[in-house]
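Shown next, in structure tokens, is the structure this report addresses.
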2 protein chains.
Amino acid sequence: MSKSAKFDRADVVEKATKLYWEKGFHGTSMRNLQDVVDMRPGSIYAAFGNKENLFKEALQHYAKVSFFRLSACKKASSSPLEALRTFVKSILIDTAESAPSGMCMLVKSVAELTVENAELLSESKRLLSLIESEFAAIFKEAIEQGEISASKDPKHLAQYLQIQIMGVRTYAGAHDDALAIEALIDDIFDSSVVRG
Amino acid sequence: MSKSAKFDRADVVEKATKLYWEKGFHGTSMRNLQDVVDMRPGSIYAAFGNKENLFKEALQHYAKVSFFRLSACKKASSSPLEALRTFVKSILIDTAESAPSGMCMLVKSVAELTVENAELLSESKRLLSLIESEFAAIFKEAIEQGEISASKDPKHLAQYLQIQIMGVRTYAGAHDDALAIEALIDDIFDSSVVRG
DNA sequence: GTTATTATTGAACGTCCGTTCATGGCTTTG
DNA sequence: CAAAGCCATGAACGGACGTTCAATAATAAC
């Protein structure tokens with residue numbers, strides 16, 4: 001009947017995500033993308049529509065990977081709270097070495113996008129909210145298992161954790177010298193917000 | 001001898017800052033700037049050199065305004081710690097209404113810029129460090145006046161405050177619904193990091 | 001082997017980018 | 001009033017942008 005696509009879509013999205021993550025939406029040109037994914041413009045446009053759509057897929061891929069990491073931390077940990085701690089450690093430390101940017105791609109997107117790319121902006125926000133919901137679910141487990149006081153509100157804790165991660169990653173991104181990340185993570189989980 | 005410049009340089013920088021703050025470096029075109037400052041390209045280039053240089057002046061102007069605000073809070077407050085609290089309140093609340101963006105312009109710049117604009121990136125980082133130093137100086141006063149335990153390290157407290165401000169502003173920028181900002185500010189200043 | 005169908009190619013398009021510069025106008029000095 | 005010197009102007013430049021599309025190559029079905 002026909003011919004099937006030669007390129008590996010997942011691989012292309014992965015590479016596009018890395019580039020967008022590093023350079024941002026406006027800072028990345030279609031020609032940059034053509035180079036890293038090794039495709040000609042016609043093929044890219046046939047497969048992904050346009051620059052915005054490809055960015056949207058990159059955002060979703062990024063979020064998906066984050067969920068996988070969090071899920072892996074849950075499986076590898078003996079308690080909900082420890083899972084979160086492991087997750088935070090992994091994004092604050094691993095990321096700083098191998099990732100295209102020390103900062104969260106979703107946060108970078110919210111920072112750079114305006115109403116001129118309304119859909120990408122709202123998608124970034126939506127995905128951040130999704131992650132926060134997952135944090136809340138894990139905090140809820142921690143409360144049910146007695147790891148955290150039952151007087152705490154899982155949603156409030158999840159919001160607190162998001163703020164802390166955003167803060168530390170942004171701060172780390174703004175400093176060239178190495179930080180005492182471990183101590184900052186201790187600050188987060190020993191905070192009166194969590195333990196009080 | 002000659003003719004003196006007609007335009008008000010301070011006013012132009014102010015307007016350019018607002019635009020850059022809102023749309024970012026890559027998201028702002030020279031034609032956008034020409035419109036908002038009401039100058040023709042030749043005049044802008046004669047006065048500011050190029051797009052990068054004008055952005056640099058915008059960053060410095062932004063930081064200067066931040067310092068003025070902090071200084072004003074010090075004068076209006078009865079103690080160092082209260083001054084910081086007032087300052088944080090002002091940037092988290094006032095800013096969300098009238099400012100071009102809820103997020104800090106320096107943070108947005110660190111988020112979007114790469115090594116391709118190395119000088120702008122390092123200038124953004126430098127200005128953030130300058131602000132952190134000012135925080136540290138105020139925390140030092142708070143310790144000397146007994147408002148905070150003498151066992152605390154002003155530099156560590158300043159770092160903590162930067163992280164919290166970055167976190168909350170970024171979080172607020174990522175949510176369309178109104179937040180309980182006051183409660184978050186209480187979390188910051190009641191934290192064991194400050195009060196423990 | 002032929003045909004039908006689809007993927008890939010890359011030149012080319014129109015637009016916008018950052019930037020320059022010859023021109024003309026204004027202001028100050030003598 | 002004339003001369004000198006700076007400033008403002010905006011058309012124009014080369015190049016990069018996102019995107020399109022006719023031509024070509026590759027596959028699958030018969």
Side-chain angles (χ1 to χ4, degrees), chain A residues 1-13 15-59 109 112-121 123, chain B residues 1-13 15-59 109 112-121 123:
Chain A
M1 189 75 111
S2 81
K3 177 185 169 187
S4 62
K6 193 186 65 184
F7 68 90
D8 177 353
R9 189 180 179 92
D11 184 51
V12 167
V13 170
K15 283 173 177 162
T17 302
K18 274 193 179 167
L19 190 63
Y20 273 134
W21 185 2
E22 184 195 343
K23 304 175 55 140
F25 179 72
H26 293 298
T28 303
S29 74
M30 289 305 288
R31 282 168 176 82
N32 292 157
L33 282 163
Q34 288 160 35
D35 292 343
V36 314
V37 307
D38 191 28
M39 286 170 75
R40 265 35 67 200
S43 302
I44 298 180
Y45 279 82
F48 298 99
N50 57 25
K51 191 188 179 187
E52 283 215 327
N53 239 297
L54 178 51
F55 189 80
K56 195 172 173 181
E57 287 208 27
L59 287 174
S109 300
E112 90 155 306
L113 296 173
T114 67
V115 69
E116 288 169 33
N117 301 101
E119 198 179 331
L120 297 181
L121 182 55
E123 181 66 4
Chain B
M1 188 73 108
S2 81
K3 179 184 167 186
S4 63
K6 194 185 63 184
F7 68 90
D8 178 352
R9 189 181 180 93
D11 184 53
V12 168
V13 170
K15 284 172 175 162
T17 302
K18 275 192 179 168
L19 190 64
Y20 272 134
W21 186 2
E22 184 194 343
K23 303 176 56 143
F25 179 72
H26 292 299
T28 303
S29 74
M30 289 306 288
R31 280 167 177 81
N32 292 158
L33 283 162
Q34 287 161 35
D35 291 344
V36 313
V37 308
D38 191 29
M39 286 171 73
R40 265 33 70 198
S43 302
I44 297 181
Y45 278 82
F48 298 100
N50 58 25
K51 190 189 180 188
E52 283 215 326
N53 239 296
L54 178 51
F55 189 81
K56 196 171 172 183
E57 287 207 27
L59 287 173
S109 300
E112 91 156 303
L113 296 173
T114 68
V115 69
E116 288 170 32
N117 301 100
E119 199 179 331
L120 297 181
L121 182 54
E123 181 66 4

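Within every chain, numbering begins at 1; the chains are lettered A, B, ... in the order of the sequence lines, protein sequences first and strands thereafter.
- Taking atom CE of A/Met30 as the reference point, atom P of C/dC16 lies 18 Å away to the nearest angstrom.
- Applying the 4.0 Å criterion to OP1 and OP2 of C/dA7, one finds that A/Lys6 has every side-chain N and O outside that range.
- Here the closest non-hydrogen pair linking B/Val115 and B/Leu121 is N-CD2, 4.4 Å.
- One atom, CD of A/Glu116, and another, C1' of D/dG18, lie 15 Å apart when rounded to the nearest Å.
- Map A/Arg40 and B/Gly42 each onto its nearest nucleotide of DNA chain C; the residue landing nearer the 5' end is A/Arg40.
- In the set C/dT19, D/dG18, C/dT8, the nucleotide with an atom closest to the side chain of A/Lys51 is D/dG18.
- Within the 4.5 Å cutoff, side-chain heavy atoms of B/Gln34 are placed close to those of B/Pro41.
- A donor-acceptor contact shorter than 3.5 Å is absent between the side chain of B/Lys56 and the backbone of B/Lys51.
- Residue A/Pro41 places its side chain closer to C/dG10 than to any other of D/dT9, D/dG10, C/dG10.
- Looking at heavy-atom distances under 4.0 Å, A/Glu52 makes no contact with the nucleic acid at all.
- Computed from coordinates, the B/Phe48 CZ to C/dT20 C1' distance equals 18 Å when rounded to whole Å.
- Residue B/Tyr45 has a polar side-chain atom (N or O) positioned under 4.0 Å from OP1 or OP2 of C/dT19.
- When the side-chain nitrogen and oxygen atoms of A/Ser29 are compared with OP1 and OP2 of D/dA16, none of them lie within a distance under 4.0 Å.
- Between the P atom of C/dC16 and the NE2 atom of A/His26 lies a distance of 15 Å, rounded to the nearest Å.
- Atom-to-atom, CZ of A/Phe7 to P of D/dA25 comes out at 21 Å; the value is rounded to the nearest Å.
- Ion pairing between a basic and an acidic side chain is recognised when a charged N comes within 4.0 Å of a carboxylate O; A/Arg31 and A/Asp35 show no such pairing.
- Separating the CD1 atom of B/Ile44 from the C1' atom of D/dC7 is a distance of 14 Å, rounded to the nearest angstrom.
- The two atoms that bring A/Lys23 and B/Glu116 nearest to each other are NZ-OE2, 2.8 Å, heavy atoms only.
- Taking atom CZ of A/Arg31 as the reference point, atom P of D/dG18 lies 7 Å away to the nearest angstrom.
- In this structure, A/Leu33 places its CG atom 15 Å from C1' of D/dA16, rounding to the nearest Å.
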